[in-house]
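Heads up: the structure comes next, in structure tokens.
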Amino acid sequence: GNVSLSDFEQERMRDPELRRMMACTRVVPDAAFAGNRRRAFGACVALTLNDGRKLRGQVAQRAGRGRDDPMSAEELEAKFEDCAGSALPPAGTAALWELLMGLEKLPDVRELTRSLAAEAPRPRAAEA
């Protein structure tokens, strides 16, 4: 379905079902993509099913990775929320998204930097 930053956290990597799938997965470079900048984010997936059938699928480039196949506004916002949400509270993420989407209309970019400073997590004091 969808890959998010949480899929790469340590807790997720300990998931027994994921570990089982990883044990029967092989990742190898595909020569069709090597050295081709326009296909740098492409991939080929080949599956061998329990009954021996082989399935294969390929995508030349990840959706949203270029002007020829841009993300939809909804996809871009969801990606932003996922990434910014690891550092900002939900309300801060939504407010920052709105500011960024209206960046060209901001009379003063300091409004954006103030918003970032207000929402940024504070460093913890060193524990003695």
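Index from 1, following the sequence.
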Any donor-acceptor N/O pair, Glu75 side chain to Ser72 backbone, under 3.5 Å
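Indeed, once roles are kept as given, a pair shorter than 3.5 Å links the two residues.
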Taking only residues two or more places apart in sequence or in another chain, which ones pass side-chain hydrogen bond (donor to acceptor under 3.5 Å, both in side chains) with Ser86?
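Not a single residue meets the side-chain hydrogen bond (donor to acceptor under 3.5 Å, both in side chains) criterion with Ser86.
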With sequence neighbours left out, write down each residue that passes side-chain hydrogen bond (donor to acceptor under 3.5 Å, both in side chains) with Arg110, or none if nothing qualifies.
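Arg110: side-chain hydrogen bond (donor to acceptor under 3.5 Å, both in side chains) contacts with Asp108.
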Drop me the distance from [X]'s [atom1] to [Y]'s [atom2], to the nearest 0.5 angstrom.
X: Leu99; Y: Lys105; atom1: CG; atom2: NZ; answer: 13.0 Å
X: Ser115; Y: Leu88; atom1: OG; atom2: CG; answer: 8.0 Å
X: Thr93; Y: Glu77; atom1: OG1; atom2: CD; answer: 10.5 Å

Under 4.5 Å between side-chain heavy atoms, hopping through other hydrophobics if needed: is there a path connecting [X] to [Y]?
X: Leu103; Y: Met71; result: yes
X: Met13; Y: Leu5; result: no
X: Met21; Y: Leu47; result: no

Quick one: does Leu55's side chain get under 4.5 Å of Val45's, heavy atoms only?
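The answer is no; the side chains never approach within 4.5 Å.
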Between the side chains of Lys79 and Asp82, is the shortest nitrogen-to-carboxylate-oxygen separation below 4.0 Å, so that they form an ion pair?
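Answer for the salt bridge query: no.
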Do the charged groups of Arg20 and Glu17 touch, with an N to O distance under 4.0 Å?
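A salt bridge links Arg20 with Glu17.
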Arg56/Lys54 under side-chain contact (heavy atoms from CB on, under 4.5 Å): CA gap, chis, key distance, verdict
CA-CA 7 Å; Arg56 182 178 171 95; Lys54 296 182 185 289; over 6 Å; no
With a cut-off of 6.0 Å (strictly less than), are more than 12 heavy atoms of other residues, nucleotides or ligands near CG of Asp51?
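Result for CG/Asp51: enclosed.
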Which pair of heavy atoms, one from Arg12 and one from Ser6, lies closest together, and at what distance?
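Minimum heavy-atom separation between Arg12 and Ser6: CB-O, 3.6 Å.
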